[in-house]
Amino acid sequence: MRLPELCLALLYAAGTGTEPPRAARERPLAPGAAAGPAVDPRQAWMLLAGSPERGRGGTGAHTAPAAAGSPGKANSAVPASPTLPEELLSELQLLLRGVAKMCRTAGEGCKEEKSSKGKPEAGARPRVEAAFHCQTCEDIAVEQKVWQELRSFYIPEREGMFHRGAGLNLTSGQYTAPIAGYYSFSSTLHIARREPRRKGQGWRQSRLRVLICVQSRCRHNSHLETVSRLESSSDPFTISVTGTLYLQAGQYASVFVDNTAGSPLTVRSGSDFSAVLLGV
């Protein structure tokens with residue numbers, strides 16, 4: 001017997017009628033006849049819950065509704081409902097235990113699904129939301145005793161180059177953070193002297209600084225810096241700077257060159273500028 005049919009049978013047994021609910025519904029009422037006594041929900045629940053007040057062999061009464069045509073007249077008590085059959089109670093208990101077990105299993109499954117959504121799977125690696133690697137697309141002249149921001153970058157279409165997320169302006173050379181977080185920056189510049197060293201020109205105090213600054217304010221904001229002393233040789237050389245900066249959303253970072261030498265320098269095309277969002 002299915003659970004709905006069993007519940008209907010129990011409700012019928014808890015009432016005082018002599019016909020099952022379906023038969024009672026299908027039998028038409030005689031003209032002027034009053035409806036049969038209704039089932040008291042509380043007493044039916046007490047029977048289903050096994051209350052000592054209306055258990056097997058227990059006694060009790062419920063009040064039937066007033067007969068038609070006699071409003072306000074007190075109703076007399078009716079005899080107690082007949083004892084529920086043992087097989088109906090046993091079947092109901094088995095069904096209820098099965099339903100309760102299914103509910104517990106479904107609830108635990110929902111909890112596990114919610115917890116698994118909030119945690120990455122074992123061995124899964126987090127996605128990098130923002131990153132880029134670009135290079136200068138032409139030679140950039142840096143005059144002597146000049147502080148200059150590097151511009152004119154591009155992203156070559158070859159293996160190893162990447163660009164994910166918004167915020168990179170290749171024309172201005174500025175990278176604007178799409179979200180607040182810790183960013184790892186790196187820049188490698190290939191430097192060449194534009195003029196050979198003249199006789200008697202001193203290089204002892206000549207040096208080159210490369211910086212990655214926030215909001216173009218290297219003296220006031222946090223920045224990354226490396227310094228290289230210029231040798232007397234005119235051979236090209238490489239200088240690099242790398243490190244981590246914290247950027248608020250909307251702040252930008254860019255590469256600066258401070259040439260303290262007595263002669264102009266050239267930043268060769270193909271010099272690198274890159275960044276990766278490490279986390280928030």
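Computation of the quantities below employed the complete heavy-atom set of this structure, encompassing side-chain atoms and omitting hydrogens, waters and symmetry-equivalent molecules. Just so we're clear, the structure is a prediction, and the values are computed from it rather than from any experiment.
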Pairing residues for C134 by the disulfide bond (SG atoms under 2.5 Å apart) criterion, not counting sequence neighbours: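 C134 satisfies disulfide bond (SG atoms under 2.5 Å apart) with no residue once adjacent residues are dropped.
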
Trace of the side-chain contact (heavy atoms from CB on, under 4.5 Å) decision for I191 with T266: CA-CA 6 Å; I191 307 297; T266 298; over 6 Å; no

What pairs of donor and acceptor atoms, side-chain ones from residues 241-249 against any protein atom, are under 3.5 angstrom apart with sequence neighbours left out?
from, atom 1, to, atom 2, distance (Å)
T242, OG1, F185, O, 3.1

Residue list, salt bridge (Lys or Arg N to Asp or Glu O under 4.0 Å) with R217, at least two apart or on another chain: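 Checked R217 against salt bridge (Lys or Arg N to Asp or Glu O under 4.0 Å); zero matches.
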
All salt bridge (Lys or Arg N to Asp or Glu O under 4.0 Å) counterparts of E138, not counting sequence neighbours: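 Scan of E138 (salt bridge (Lys or Arg N to Asp or Glu O under 4.0 Å), adjacent residues dropped) gives none.
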
Throw together a table of side-chain donor-acceptor distances under 3.5 angstrom for residues 272-280, partners on residues two or more places apart or in other chains.
from, atom 1, to, atom 2, distance (Å)
D272, OD1, H133, NE2, 2.8
D272, OD1, Q135, NE2, 2.9

Y252 side chain to S216 side chain, donor-acceptor N/O pair below 3.5 angstrom: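 There is such a pair between these side chains.
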
Polar contact flag, side-chain donor to acceptor under 3.5 angstrom, E149-Q174: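 Yes.
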
Residues which pass side-chain hydrogen bond (donor to acceptor under 3.5 Å, both in side chains) with [X], listed by chain and number, not counting sequence neighbours:
{"X": "R209", "value": "E225, D258"}
{"X": "T176", "value": "none"}
{"X": "T188", "value": "S240"}
{"X": "S187", "value": "none"}

About how many Å separate [atom2] of [Y] and [atom1] of [X], when rounded to the nearest 0.5 Å?
{"X": "I239", "Y": "L208", "atom1": "CD1", "atom2": "CG", "answer": "4.5 Å"}
{"X": "R229", "Y": "R207", "atom1": "CZ", "atom2": "CZ", "answer": "9.0 Å"}
{"X": "S254", "Y": "N169", "atom1": "OG", "atom2": "CG", "answer": "10.5 Å"}
{"X": "I140", "Y": "S271", "atom1": "CD1", "atom2": "OG", "answer": "7.5 Å"}

Nonpolar side-chain network containing W147, other nodes, edges under 4.5 Å: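 Members other than W147 - counting any ILVMFWY side chain reachable under 4.5 Å - are L211, F256.
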
Side chain to side chain contact (heavy atoms under 4.5 Å, CB included) against R268, all qualifying residues, sequence neighbours excluded: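 Per chain and number, R268 pairs via side chain to side chain contact (heavy atoms under 4.5 Å, CB included) with D139, H190, A192, P236.
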
Contact list for residues 166-180, test salt bridge (charged side-chain N to carboxylate O under 4.0 Å, His left out), sequence neighbours left out: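 Qualifying pairs, neighbours excluded: none.
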
Ring pair (Phe, Tyr, Trp, His ring centres under 6.0 Å) evaluation trace for F162 with F132: CA-CA 5 Å; F162 54 87; F132 73 90; 7.8 Å; no

